[in-house]
Structures are given as C-alpha cells and as structure tokens.
Amino acid sequence: MSQLTPEQYQKNYDDLELEVEQIKDSFLEDIFLSDEQEELLNQLIKKSIELGMYNKAPYIASLKTEIESLKVQYQSDDYVRVPKSDINFFWQDNEEPENLCSSACGDDIECLGHNLDLGEIMAINKTHEVILKTEEIFGTWYAEVDQPHLKANFHIGTHEECLAIVAKNTALTEVQEQDEN
C-alpha cells in the first residue's frame with residue numbers, strides 16, 4: 001500500500017465523502033429515520049469513509065449493496081411507505097400526557113408550560129405520527145337488560161350494526177315500560 005501525501009489523502013477523502021453523501025441522500029429520499037438512527041448512520045459512514053480511503057471501489061460497491069438491501073427490506077409488506085411531508089409532530093408533557101399540542105408556535109406550545117415556574121425545566125416528548133387511513137365507523141351503547149335506561153357496553157362497528165343495537169335497546173325499553181304499566 002503506497003503512502004498518500006496529505007493533499008492526495010484530502011482529495012480522496014473529499015471525493016469519497018461526496019460519493020457517500022449522494023448514496024445516503026438517495027437512501028433517505030425513500031426512508032424516514034429518527035434523529036438517533038440518522039446520527040448512527042452518519043457515525044457509521046464517517047468511520048467507513050476512513051476505512052475505505054485506501055480501497056475505494058470495493059467500499060463503494062459494498063455500501064451500495066447494503067443500501068439496496070435496506071431499501072428492499074423497507075419495501076416489504078412489513079413496512080408502509082409515506083412521503084416525509086405526511087409526517088406530523090405533536091409535543092406532549094412527559095409527566096401529564098393529557099397536556100399536548102400540535103403547533104410549536106404561539107399559545108399552543110405555551111400551554112405545555114402553564115404550570116412551570118421560571119427556572120424550572122420540564123420533559124417534553126416530541127412524537128412523530130402518520131395518519132395512514134381514516135375510516136368512518138359508528139358507535140352506540142348496549143343497554144342494560146334489566147335497566148334499559150342504563151349504559152352497559154359501548155359497541156363500535158358498522159352503521160347497520162349500531163342501528164340493530166338501538167332497535168334492541170328501544171325494544172327493551174318498551175318491554176320494561178309495558179311491564180311497569
């Protein structure tokens with residue numbers, strides 16, 4: 001292995017870093033990584049660049065193979081792909097999870113700190129979310145058999161199922177009223 005001059009080393013490093021960055025960018029176009037995952041990827045790339053400095057071609061081929069393998073994995077039926085623009089965030093109080101907001105500006109975010117005094121620090125969870133599908137479904141209460149004016153169990157299902165339950169509840173109420181008369 002020949003010794004590189006500092007200028008050759010820097011040029012090789014810059015060239016390799018640029019090529020690797022292009023490969024990484026093409027990977028991240030299709031895949032969303034958390035901040036921690038992206039930092040780990042960056043550390044791995046930095047270390048790999050240092051190791052690949054003296055033998056660039058096999059290193060780049062290996063990196064491309066790994067990236068393609070990851071893409072195939074993410075394209076399987078076990079994963080759902082969504083555009084990054086469809087990923088939303090909300091912020092939630094770590095100690096009182098009922099306190100949350102969906103906007104990082106204005107009064108919305110300030111509601112998280114309404115019980116916080118100056119000089120105090122609170123933990124806030126930033127959650128990434130994607131709404132994959134919204135379906136309209138229906139819900140209604142089953143009535144207690146012995147006391148049809150009281151709620152028993154809540155049912156979620158189709159509109160027809162809920163109509164049938166309401167009809168049964170109405171029939172129970174009518175039977176009870178007849179028995180009372």
Side-chain angles (χ1 to χ4, degrees), residues 21-42 44-45 64-117 120-181:
E21 198 63 33
Q22 290 169 344
I23 293 169
K24 176 187 161 199
D25 289 345
S26 72
F27 174 66
L28 292 178
E29 284 176 7
D30 298 329
I31 309 292
F32 176 80
L33 298 177
S34 69
D35 292 341
E36 294 84 16
Q37 290 170 322
E38 192 161 355
E39 179 59 29
L40 186 60
L41 178 63
N42 288 335
L44 178 65
I45 286 172
K64 285 182 178 180
T65 301
E66 287 298 316
I67 293 290
E68 287 306 314
S69 171
L70 286 172
K71 281 186 179 182
V72 167
Q73 177 186 348
Y74 279 107
Q75 291 170 351
S76 74
D77 290 339
D78 294 335
Y79 294 87
V80 176
R81 291 181 52 179
V82 296
K84 286 184 180 181
S85 60
D86 287 354
I87 299 172
N88 300 311
F89 306 98
F90 66 88
W91 294 263
Q92 188 173 30
D93 186 328
N94 190 51
E95 293 179 16
E96 295 182 29
E98 66 276 9
N99 295 334
L100 59 97
C101 66
S102 59
S103 174
C105 57
D107 294 336
D108 201 20
I109 195 77
E110 291 177 3
C111 76
L112 288 177
H114 72 279
N115 289 328
L116 194 66
D117 291 326
E120 293 181 323
I121 297 173
M122 68 183 292
I124 298 172
N125 299 314
K126 180 181 179 185
T127 301
H128 303 239
E129 69 175 351
V130 175
I131 299 173
L132 298 176
K133 181 178 177 182
T134 301
E135 296 176 64
E136 182 178 66
I137 58 175
F138 299 87
T140 192
W141 284 97
Y142 279 102
E144 289 284 350
V145 175
D146 296 339
Q147 298 177 333
H149 63 282
L150 297 177
K151 299 173 184 175
N153 298 316
F154 193 72
H155 174 79
I156 296 175
T158 67
H159 189 252
E160 292 75 21
E161 291 171 337
C162 290
L163 285 173
I165 292 168
V166 169
K168 286 179 186 176
N169 291 346
T170 302
L172 284 172
T173 302
E174 290 172 358
V175 167
Q176 185 185 36
E177 287 173 357
Q178 288 175 358
D179 289 345
E180 290 175 358
N181 292 334

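Closest approach of N125 to N94, counting heavy atoms only: ND2-OD1, 3.0 Å. A pairwise comparison of heavy atoms in P97 and Q92 identifies O-NE2, 2.7 Å as the closest pair.
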Can you list, pair by pair, the side-chain donor-acceptor contacts under 3.5 Å of residues 129-146, counting residues two or more places apart and other chains?
none

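Checked against side-chain contact (heavy atoms from CB on, under 4.5 Å), T158 has the following partners two or more places apart in sequence or in another chain: E160, E161. For I124, the side-chain contact (heavy atoms from CB on, under 4.5 Å) partners are W91, L112, M122, not counting sequence neighbours. A search for side-chain contact (heavy atoms from CB on, under 4.5 Å) contacts involving H149 returns Q147, Q176, not counting sequence neighbours. The side-chain contact (heavy atoms from CB on, under 4.5 Å) search around E177 returns T173, not counting sequence neighbours.
Residue-environment remark: CD (E120) exceeds the threshold of 12 foreign heavy atoms within 6.0 Å. Heavy atoms of other residues, nucleotides or ligands lying less than 6.0 angstrom from CD1 of I121 number 12 at most.
To the nearest 0.5 Å, atom CG of residue D93 and atom CG of residue N115 are 8.5 Å apart. In this structure, CZ in F90 is found 10.0 Å from NE2 in H128, a value given to the nearest 0.5 Å. Going from atom OG of S102 over to atom CZ of F89 covers 12.5 Å, rounded to the nearest 0.5 Å.
Pairs engaging residues 162-181 under the ring-ring contact (aromatic ring centres under 6.0 Å, His included) rule: none recorded [sequence neighbours left out].
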